[in-house]
Structure formats: structure tokens, C-alpha cells
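The figures here come from the full heavy-atom set of this structure, side chains too, leaving out hydrogens, waters and symmetry mates. Sequence lines set the chain letters: A, B, ... in the order given, protein chains first and strands last, and positions in each chain run from 1. The structure displayed is predicted, hence computed values, not measured ones.
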Protein chains: 2
Amino acid sequence: MATIKDVAQRAGVAISTVSRILNGDPRARPETVQRVRAAAADLGYAPSALGRGLRTRSQSVWALVVADIENPLFTGATRGVEDVASAAGYSVLLGNSDEDAVKEQEYLRVAGRMRVAGMVLTPTSPRVDVTALRDSGIPVVCMDRPLGGRPPATDVVLVDTRTAAHQAVTRLVAEGARRVGCVTGARRTFTTTERVAGYTEALVDAGLPVDPDLVRYTDFRVDSARDATARLLREGVDALVVTSSLMTVGALGAVAEAGRRIGPGLRLATFDDAPWTSLLSPDIVLVSQPAYELGAEAGRMLLSRIADADQPVRSVTLTATVGSRTRSTVR
Amino acid sequence: MATIKDVAQRAGVAISTVSRILNGDPRARPETVQRVRAAAADLGYAPSALGRGLRTRSQSVWALVVADIENPLFTGATRGVEDVASAAGYSVLLGNSDEDAVKEQEYLRVAGRMRVAGMVLTPTSPRVDVTALRDSGIPVVCMDRPLGGRPPATDVVLVDTRTAAHQAVTRLVAEGARRVGCVTGARRTFTTTERVAGYTEALVDAGLPVDPDLVRYTDFRVDSARDATARLLREGVDALVVTSSLMTVGALGAVAEAGRRIGPGLRLATFDDAPWTSLLSPDIVLVSQPAYELGAEAGRMLLSRIADADQPVRSVTLTATVGSRTRSTVR
DNA sequence: CTGAAAGCGCTTACAG
DNA sequence: CTGAAAGCGCTTACAG
């Protein structure tokens, strides 16, 4: 493994000269530049991020820790973060916490030890502890879910899915639904409580009774959503709101197993436009979130926070759109 | 940001003592251990991976670069790699090359500069250049796709999807298909050529004519698969083999738009059991790959290669299973 | 049982 | 325009 020393030796210069030239110092003699460049190329030299990072106390790497890499919202957001990062000269290292607080903590630790330049995080709960990172001087921007109470403890980009859930339920009711079941994720998750709130408010606004028993909290898994939906169907609902596309897989499985189908007698609203939702009946009400923009905005916030650590904490909320599914243009 | 120096000062010992104790050196006085531990905890000290990595010339981090994070095969494999890595004390940093050779090259560079302990890679093409990494002493294990010709240039874990494709097509033919179209990915990709080979061999074995025009290569995208399928349907096929679940979204979209449906008149075989495939008709022939095991085996190979750099290059092939879709147990 | 010292691979004022 | 030197945060023989 070639080091700066090897390059210096081969080019017949001091290591400081190699460093300067490779970092584009303008006041270097063209011949020297030539020699150094050639030597570096011959040796396949790539500067060690360890040596460099240690010395400059800054890395050109971000960590991005998402709660579920299978969620199309997060794959889209990941692209947004990556594009903003790479335009600014940063690379992004991804961690998947899998909605598991232990795994998440492990990624936070690794990122801290690696002294990354910043982190974008989708916290598994509002009480995730990022003080260790912040004390290390590593800025954290949250995405999709805030940290702490109100106001949020860090910069954060959210999507207003409360309003979207309200609109979706209002639409179901306008189409004739009277008993709307809700299959949703974990209680601890911000997005869950927001969407349930929107659901409840819509029922109230429509003058319909609110039955807490029609809201089923799960662990986000396909099978849990299937079971929850099966029970709701047995107990009698004429519409379903399912708060993620993965859970919708389970919900639709339960619908099929019950011998029912989506249509005027059983309406469905679902979140996230995963590619496969393009195959669903056009009757379905679909809540689309600006996934790419969610990540891009988080990236921009991180950039801004890196540039100025002392600026006030910011909170940005993006809008989700509610519509019927259209022909997919998603990858 | 606390350093080992701060801890030493607070505990009233030398930094070498701090280092030893925090690394579990047994010959330390209990009182000293106490003091050092307390000081470290008070300061929220986490050793810098930069300092440590520079000194020991070894990192406890792997890089995993996959070609498409949306592919359920790779999300499953990622879990396998992570579990093996973390059991051995490594963390995994993920990069998504998105089937883009430029992005891939960038991740290879970053991993090299970071001096990761090893890499698991799904190369975007057999000609990806990993010599820079290998020259830096960073072992590379390939997953899903080999590098170089035969024998492969690196350790590699593959899935025998050639045989699986053969079996799937044989099954379609047994059910009555005579003109089987194939919608597949990019020509440069190993898995594409393997599956097309299996498809072709099955037709030959069944005594059916082989029409190269029935094989449509795409760029893996939903819309490309949709267009390719639409054309195949117009030209007349009575069965389809689609070599990834994402492309199957497009294929099924085209089927619906053509006013056709999957059944005895138009059979379908597809690869990868994405969660949503559980919603498909039970008639569909499904090729399931051992995703988790693919990653776990790659992780084990990397571990073994790290332990002994000079062992002969190994190539492991796992088996895919062909069946009808069953109720999903996937997350 | 613990400390002082060297050195991992870099960058950056500081001389010259 | 270039080199020598210091130092970033660690670990690890080597003394004592």
C-alpha cells in the first residue's frame, strides 16, 4: 500500500511537496507537478483518509442512517442525500437500523468514532440519544421524523402526512365510507401518531364517530399488517387506511384471503408510491411523498449546518400529495 | 470532542495506560481501571477510528457496495453480510452503485481511502477494476456476480439462476407454453446471460424452436420492462419469463394495458420474492433466491480471506428454488 | 503495574 | 518554489 512517502521518494521530493501538489497548490513548478503526478499514478497512490482526517480534523464523508432500507420513501430520500452530498464533495455511507434501536445505536457509535463530517438520521424513536455525536462536534439532521419534543432538538425535514392522512380519509368518506379502519406502524414513531391524528381529525370533521378500536398499531411488518387487517375485516369496516406500502402488501393479502376485494364496498388508501403500487386498482387513494426532495433538503440542511454550527435550529415541512394511482414512472 | 489525552489528564495517568485499560489489558490495577473508566464515561470519550486505524493499520469496518438497493435480493443479502460482520466485530458501511459504473468507482475509491478491512461487492460489470483495492491490501469478495472470466478474479458467491431459469421455463412448457418471451436486464450483467442461457437450454431440451427475438434486454427499469413486454405481447407469446421482480412490475403493467391477464393463455415466471409478489396469482412460477444466505456466505468468505490472504480463490454457488408463490413470510 | 517515546500517514505554517 | 518539523489521536514494545 503506497504512502505519501513512497511517492515522495519516487519523485525525488519531500512529502510536503507531494501533499501540496496533490492538493492543487498553485505555486508549484510544472516539472515538479509532472514528476509527482507521474509517481503517484505509477504507484496507484490514494491518500489515506485516516492520515488526512486525523490531521485536518475533518472527513469528507457523511453517515446516513435510515430506519428501513426496504421502504421506498427512504431509498428515494437516499438518492437525494447522495446527490447533494456528492455535489459538495462528500461521500455518503449508509446504515440500515431496521427500526431496531440497538442497531441504530451501533451505527451512531461507528459514525462518531469515524468522525464523519455529519449525519442524516431517521430516528427509530423521538428519544434517540445523539448528544454523544453533538458533543463530538458532529452535526445531525433528522429526516422524516424529529428528535425530542417541540421544538425539535435538531434540524429536521418532515413531510406533512397528517394533512395528507386527513385528505385521504376525507376522500374515502366522500366516496361513501362510514367505518374506516386504520392499519399503522409503531406507536413510538412520529409519523404513526401524525397519520393517526390526521385520520381522527378527518372523521371528526366529517361528523363520523371515532372508534379507537379501528386503529391498529403494528411493528411495520407485512404479516402484522395482514393479521391486523384480517381482524378489522371480521369486525366490519368499509374502508382501510394503511400507512405504508409494505404494510399494504399484508393488508391486501388479508383482503384476498377474506374473499373480499377493493372497490365500492371496501375502499383503500395507502402511503408511499412503491413501484408495484402501479399495479393496483385505480380506485385506490394514494398518498405520495416527495422522497427525493426529502433527502435532498436534509442534505442541504446538513451542508448549511456544517458551514455554520451556531445558526438557529430549523425545521422544514414538505407537502405530500393525495391522488389516485397513475401509471408509474418510478424506477 | 474528548481525546485520550483528556481522559488521561482527568484520571491522572498516562495516555498509554488509558489505551491499555480501554482495550482490556488484564495487568491493570483495579483502582486504576476504575478511575480511567469513570473519566472516559464522564467525558463521553469514544476512541477515534482515525487515530486507531492509522496506528494499527486496520479498521473494523467493511464496505458493501450493491448494484441496486431496491432489489429485494440485495436488501436480504445486506442483512446477511451485516449479521456475519457484526458477530465478528465489524461494522458495515453500505454504498448503492445503482447499476452505475461511475458511482461504483466512487465508492471503491472512498473505501480504498478509508482503508476498510474488506469489501463485499456486486460488480456492475465483470470488468470492474478492483486492482487498486487489492494492491492496497484490501480483500474483495464478490456477491451475485463474478469479476473477470473463468476462473473468477476474486472470491465469489453466486446463485445458480441458470438452472433455475431452466427449471422455470421447463415448467411453463409443461403447462402448455410454446412461445416463451424473456424480459431481462442488461447484456453486460452476468446474471442476465446466465438466465438467458438457462432459458435457451430449456427450450432446446423441450424440442422447441429458439427465437432470439423473443429475448428482450433492458436496463432493469420498470418502464423498459413494460415497453419490452408490450412489444412481445403484440408479436405473440403465450408465456413470459421476467428476470427480476422490479421488471415484473412493468411486465404486469403491460399485460394489464393490453387487456390480457395471467392465466392458462399467458403464463408468467418471475425472479426474486419481493414482499408484494405474495399478492400475485398462485399460477405464477416464482424463482426464489437465498438472499440472506448469499450475503452471509459472502461475509464468511471475507472473514476467511482477511484471516488468510494467500489461500486459493474460492467460488461458492448457492441453489435457487422454483415453485409457485406461497403466502409471504418476508418482512 | 505504569510511563515515556516512537511512529502510523497525512497537512500546514515556517524558513529559506 | 520547496524542505524540515510539528502534531493530529492513537497503540505498543521497552524500560523501570
Side-chain angles (χ1 to χ4, degrees), chain A residues 1-37 39-40 43-61 109-110 112-117 135-138, chain B residues 1-37 39-40 43-61 109-110 112-117 135-138:
Chain A
M1 169 148 42
T3 72
I4 196 171
K5 223 160 149 185
D6 303 322
V7 177
Q9 201 157 20
R10 185 172 245 262
V13 297
I15 62 163
S16 45
T17 303
V18 173
S19 175
R20 257 184 255 112
I21 286 176
L22 262 30
N23 286 306
D25 189 313
R27 54 181 184 179
R29 231 172 28 178
E31 303 104 87
T32 320
V33 173
Q34 279 290 314
R35 283 222 313 285
V36 168
R37 290 249 170 82
L43 295 168
Y45 170 70
S48 160
L50 302 179
R52 180 172 223 287
L54 193 55
R55 173 63 225 222
T56 64
R57 308 151 133 255
S58 71
Q59 288 255 71
S60 59
V61 173
R109 272 192 27 195
V110 172
R113 296 170 107 96
M114 301 212 340
R115 310 293 196 246
V116 297
D135 290 352
S136 310
I138 298 177
Chain B
M1 168 153 37
T3 73
I4 195 171
K5 223 158 146 185
D6 303 323
V7 178
Q9 202 158 19
R10 185 171 246 263
V13 296
I15 62 163
S16 44
T17 303
V18 174
S19 175
R20 257 184 255 112
I21 286 175
L22 262 29
N23 286 306
D25 189 313
R27 51 176 185 182
R29 229 169 33 177
E31 304 102 88
T32 320
V33 173
Q34 279 290 313
R35 282 221 314 284
V36 168
R37 289 250 171 81
L43 296 169
Y45 171 69
S48 160
L50 301 179
R52 180 171 224 286
L54 192 57
R55 172 63 225 221
T56 64
R57 299 148 140 262
S58 71
Q59 289 255 72
S60 59
V61 172
R109 272 190 27 192
V110 172
R113 298 170 105 98
M114 301 212 340
R115 310 295 195 246
V116 298
D135 290 354
S136 311
I138 298 176

- prompt: Which pair of heavy atoms, one from A:Tyr45 and one from A:Thr3, lies closest together, and at what distance?
  reply: CE1-C, 3.5 Å

message: Holding to side chain to side chain donor-acceptor pair (under 3.5 Å), I want the full list of residues that pass it with A:Asp25, two or more places apart in sequence or in another chain.
response: A:Arg27

- prompt: Do B:Gln59 and A:Leu50 come within less than 4.5 Å of each other through their side chains, counting heavy atoms only?
  reply: yes

field: Any N/O donor-acceptor pair, B:Ser16 side-chain to C:dA4 base, under 3.5 Å
entry: yes

statement: Heavy-atom nearest pair, A:Val36 first then A:Leu22, reads CG1-CD1, 3.8 Å

field: Near-strand residues of residues 27-35 of chain A, defined as heavy-atom separation under 4.0 angstrom from DNA chain D
entry: A:Arg27, A:Ala28, A:Arg29, A:Thr32

query: In dot-bracket notation, what is the pairing pattern of DNA chain D, taking Watson-Crick (N1-N3 plus N6-O4 or O6-N4) and G-U wobble (N1-O2 and O6-N3) contacts under 3.5 Å, with [ ] crossing and | for other strands?
result: |||.||||||||.|||

- prompt: Base, sugar-phosphate, or nothing for A:Arg113, non-hydrogen atoms under 4.0 angstrom?
  reply: nothing

- prompt: What is the nucleic acid contact for B:Ser48, judged by heavy atoms within less than 4.0 Å: base, sugar-phosphate only, or nothing?
  reply: sugar-phosphate

task: Could you tell me whether A:Thr3 contacts a base, only the sugar-phosphate backbone, or nothing, with contacts defined as non-hydrogen atoms closer than 4.0 Å?
output: sugar-phosphate

message: Quick check: on DNA chain C, is the nucleotide nearest B:Arg115 upstream (toward 5') of the one nearest B:Pro26, or the reverse? Name the residue that is more 5'.
response: B:Pro26

query: Taking CG from B:Asn23 and P from D:dA13, how many angstroms apart are they, rounded to a whole number?
result: 12 Å

Phosphate-side-chain proximity, A:Ser19 and C:dC10, N/O vs OP1/OP2 below 4.0 Å: no

field: side chain to side chain contact (heavy atoms under 4.5 Å, CB included), paired with B:Ile4, selected from B:Ser19, B:Ser16, B:Ser48, B:Pro47
entry: B:Ser19

- line: Rounding to 0.5 Å, atoms CG (B:Asp6) and CD1 (B:Ile15) come to a distance of 11.0 Å

query: Which parts of residues 5-15 of chain B get close to DNA chain D, meaning a heavy atom less than 4.0 angstrom away?
result: B:Ile15

- request: Rounded off to whole Å, could you give me the CG-to-C1' distance for the B:Leu22 and D:dG9 pair?
  value: 13 Å

field: Pairing residues for A:Arg20 by the side chain to side chain donor-acceptor pair (under 3.5 Å) criterion, not counting sequence neighbours
entry: none

- request: Round to a whole Å and report the spacing from CG of A:Asp25 to C1' of C:dC10.
  value: 15 Å

task: Report the distance from atom CD of B:Gln59 to atom C1' of C:dC8, rounded to the nearest whole Å.
output: 12 Å

task: Working to the nearest 0.5 Å, report the span between CG of B:Leu43 and CD of B:Gln9.
output: 10.0 Å

message: Testing the basics here: between A:Val110 and B:Val61, what is the closest heavy-atom pair and its distance to 0.1 Å?
response: CG1-CG2, 4.4 Å

task: Take atom CZ of A:Arg20 and atom C1' of C:dA15, then tell me their distance rounded to the nearest Å.
output: 11 Å

- prompt: Got a second to check how far B:Arg57's CZ is from B:Arg115's CZ, nearest 0.5 Å?
  reply: 10.0 Å

Nearest non-hydrogen partners of A:Ala28 and A:Val33, listed with the distance: CB-CG2, 3.7 Å

- line: Whole-Å distance, B:Ile21 CD1 to D:dT12 P, equals 15 Å

- request: Side-chain contact test, heavy atoms from C-beta onward, threshold under 4.5 Å: evaluate it for B:Arg37 versus B:Thr32 and give yes or no.
  value: no

- prompt: Residues from residues 50-57 of chain A sitting under 4.0 Å of DNA chain C, heavy atoms only?
  reply: A:Gly51, A:Arg52, A:Leu54, A:Arg55, A:Thr56

- prompt: Donor-acceptor pair, A:Thr56 side chain versus A:Arg52 backbone, under 3.5 Å?
  reply: yes

query: Quick one: does A:Met114's side chain get under 4.5 Å of B:Met114's, heavy atoms only?
result: yes

